[in-house]
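First the structure, in the form of structure tokens, and then the observations on it.
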Amino acid sequence: MEPYETSLDVAEAVRAQSALRDQLDLTNSLGTAPEFVAGLDVSYEVDSRYAAAAAVLIELRTLEVRETAIAYGEVTFPYVPGLLAFREVPILREALGKLAGRPDVLVCDGYGIAHPRRFGLACHIGVVTGLPSFGVAKSPFGMQFVDPGSQRGDWSPIVDDGEVLGRVLRTQAGIKPVFLSVGHRVGLDQATELTLKMSREFRLPEAIRKADFLSREELRRRRRAG
DNA sequence: GCGACAG
DNA sequence: ATCTTGTCGC
């Protein structure tokens, strides 16, 4: 069974998710100094059927963009909370495949293991690419947490059923925090460190921000072209 | 049964 | 996610 074939219904997707979860590696395999991160994001047309995905490769040391890639196409799977990956992974992989450079780690707009079935978008992307990955989400997704301190770098645990699944992390003083969780082959401390490193100026990590802008720009460009 | 619900 | 104006603030 192909993990993301277009004909899956919700029940089949849940089963496919469960099968993929068996391949999840929660061990940190990032070295002390990863060099390149690829940020991923998807923007949708108004009809929510066609979308643009962006992959932005940035150099961690400088936060400068090294390379970008775009994919555009129809998204068939509906948005179902907990199954976002079945909607976004195919087009994200297409964008990723256009990158010539190889990222050391991927950052997704969404959740990793802080997920109802412990297997969010960042886990999917990590497992299917084999690359280390983690997720940075903008809203709680029903997760239980207490507000972290107001300073940059302050965090509090995301807990579900007594399990620590991630962190609510303040990336900018006095600004709404982000919701961090690991995807694949990355430790929570490493993901936290990378997120802070990439969020020097804004709430969201640069790689995700750039991917967001780029995918939106692609939609605008196509609208203007016809 | 009803509301909540990453993007 | 996306539809949307003005507005407050640096």
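Just so we're on the same page: letters track the sequence lines, and every chain starts at 1.
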Item to check | Under the 3.5 Å Watson-Crick or G-U criterion, the dot-bracket string of DNA chain C, with | for inter-strand pairs | outcome: ..........

Are [X] and [Y] close enough for a salt bridge, meaning some N to O gap below 4.0 Å?
X	Y	result
Lys138(A)	Asp109(A)	yes
Arg223(A)	Glu45(A)	yes
Glu206(A)	Arg200(A)	no

Using a strict heavy-atom distance below 4.0 Å, which residues from [range] are in contact with DNA chain B?
range	result
residues 175-211 of chain A	none
residues 71-85 of chain A	Tyr79(A), Pro81(A), Gly82(A), Leu83(A), Leu84(A)
residues 129-141 of chain A	Ala137(A), Lys138(A), Ser139(A), Phe141(A)

Checklist entry - Are Arg216(A) and dT2(C) close enough that a side-chain N or O sits under 4.0 Å from OP1 or OP2? => result yes

Item to check | Strand DNA chain B in bracket notation, Watson-Crick/G-U under 3.5 Å with | for pairs to another chain | outcome: .......

Checklist outcome for this item: Exactly one of Ile175(A), Leu169(A), Thr171(A), Leu63(A) clears side chain to side chain contact (heavy atoms under 4.5 Å, CB included) with Ser199(A), and that residue is Thr171(A)

Is a side-chain N or O of [X] found less than 3.5 angstrom from the main chain of [Y], in a donor-acceptor match?
X	Y	result
Tyr4(A)	Glu88(A)	no
Arg66(A)	Val56(A)	no
Arg170(A)	Pro148(A)	yes
Asp160(A)	Glu163(A)	no
Ser181(A)	Gly166(A)	no

Checklist outcome for this item: By salt bridge (charged side-chain N to carboxylate O under 4.0 Å, His left out), Arg167(A) pairs with (sequence neighbours left out) Asp189(A)

Checklist entry - Quick one: what's the B/S/- string for nucleotides 4-10 of chain C, heavy-atom cutoff under 4.0 Å, read 5' to 3'? => result -------

Checklist entry - Looking just at side-chain N and O atoms, do His124(A) and Gln17(A) make a donor-acceptor pair shorter than 3.5 Å? => result yes

Checklist entry - Would Glu59(A) and Thr62(A) count as having a side-chain donor-acceptor pair, cut-off 3.5 Å? => result yes

Item to check | First and last nucleotide of DNA chain B, 5' to 3', lying under 4.0 Å from heavy atoms of chain A | outcome: dC5(B) to dG7(B)

Item to check | Residue pairs passing the side-chain hydrogen bond (donor to acceptor under 3.5 Å, both in side chains) test where at least one lies in residues 74-86 of chain A, sequence neighbours excluded | outcome: Thr6(A)-Thr76(A), Arg49(A)-Glu74(A)

Checklist entry - So Val75(A) and Phe77(A), side-chain contact (heavy atoms from CB on, under 4.5 Å) or not? Walk me through it. => result CA-CA 6 Å; Val75(A) 172; Phe77(A) 202 87; 5.5 Å; no

Checklist entry - Does the side chain of Ile58(A) come within less than 4.5 Å of Glu64(A)'s, by heavy atoms? => result no

Give every donor-acceptor pair under 3.5 Å between a side-chain atom in residues 127-137 of chain A and any protein atom, sequence neighbours left out.
unit_1: Thr129(A); atom_1: OG1; unit_2: Ile125(A); atom_2: O; d: 2.6
unit_1: Thr129(A); atom_1: OG1; unit_2: Gly126(A); atom_2: O; d: 3.4
unit_1: Thr129(A); atom_1: OG1; unit_2: Leu131(A); atom_2: N; d: 3.1
unit_1: Ser133(A); atom_1: OG; unit_2: Ala122(A); atom_2: O; d: 2.7
unit_1: Ser133(A); atom_1: OG; unit_2: His184(A); atom_2: N; d: 3.3

Checklist entry - Contact class for Asp47(A) (heavy atom, under 4.0 Å): base, sugar-phosphate, or nothing? => result nothing

Next on the checklist: Test side-chain contact (heavy atoms from CB on, under 4.5 Å) on Lys197(A) and Leu60(A); report intermediate values, then the result.
Outcome noted: CA-CA 8 Å; Lys197(A) 186 172 292 186; Leu60(A) 267 166; 4.1 Å; yes

Checklist outcome for this item: The remaining residues in the hydrophobic cluster of Tyr50(A), counting side-chain heavy-atom contacts under 4.5 Å among Ile, Leu, Val, Met, Phe, Trp and Tyr, are Tyr72(A), Leu219(A)

Checklist entry - Which is it for Tyr44(A) and Arg87(A) under the side-chain contact (heavy atoms from CB on, under 4.5 Å) test, yes or no, and what are the steps along the way? => result CA-CA 11 Å; Tyr44(A) 292 86; Arg87(A) 190 163 167 72; 3.3 Å; yes

What donor-acceptor contacts under 3.5 angstrom involve side-chain atoms of residues 90-108 of chain A, with partners at least two apart or in another chain?
unit_1: Lys98(A); atom_1: NZ; unit_2: Ile70(A); atom_2: O; d: 2.8
unit_1: Arg102(A); atom_1: NH2; unit_2: Leu99(A); atom_2: O; d: 3.4
unit_1: Asp104(A); atom_1: OD2; unit_2: Glu35(A); atom_2: N; d: 2.8
unit_1: Asp104(A); atom_1: OD2; unit_2: Phe36(A); atom_2: N; d: 2.8

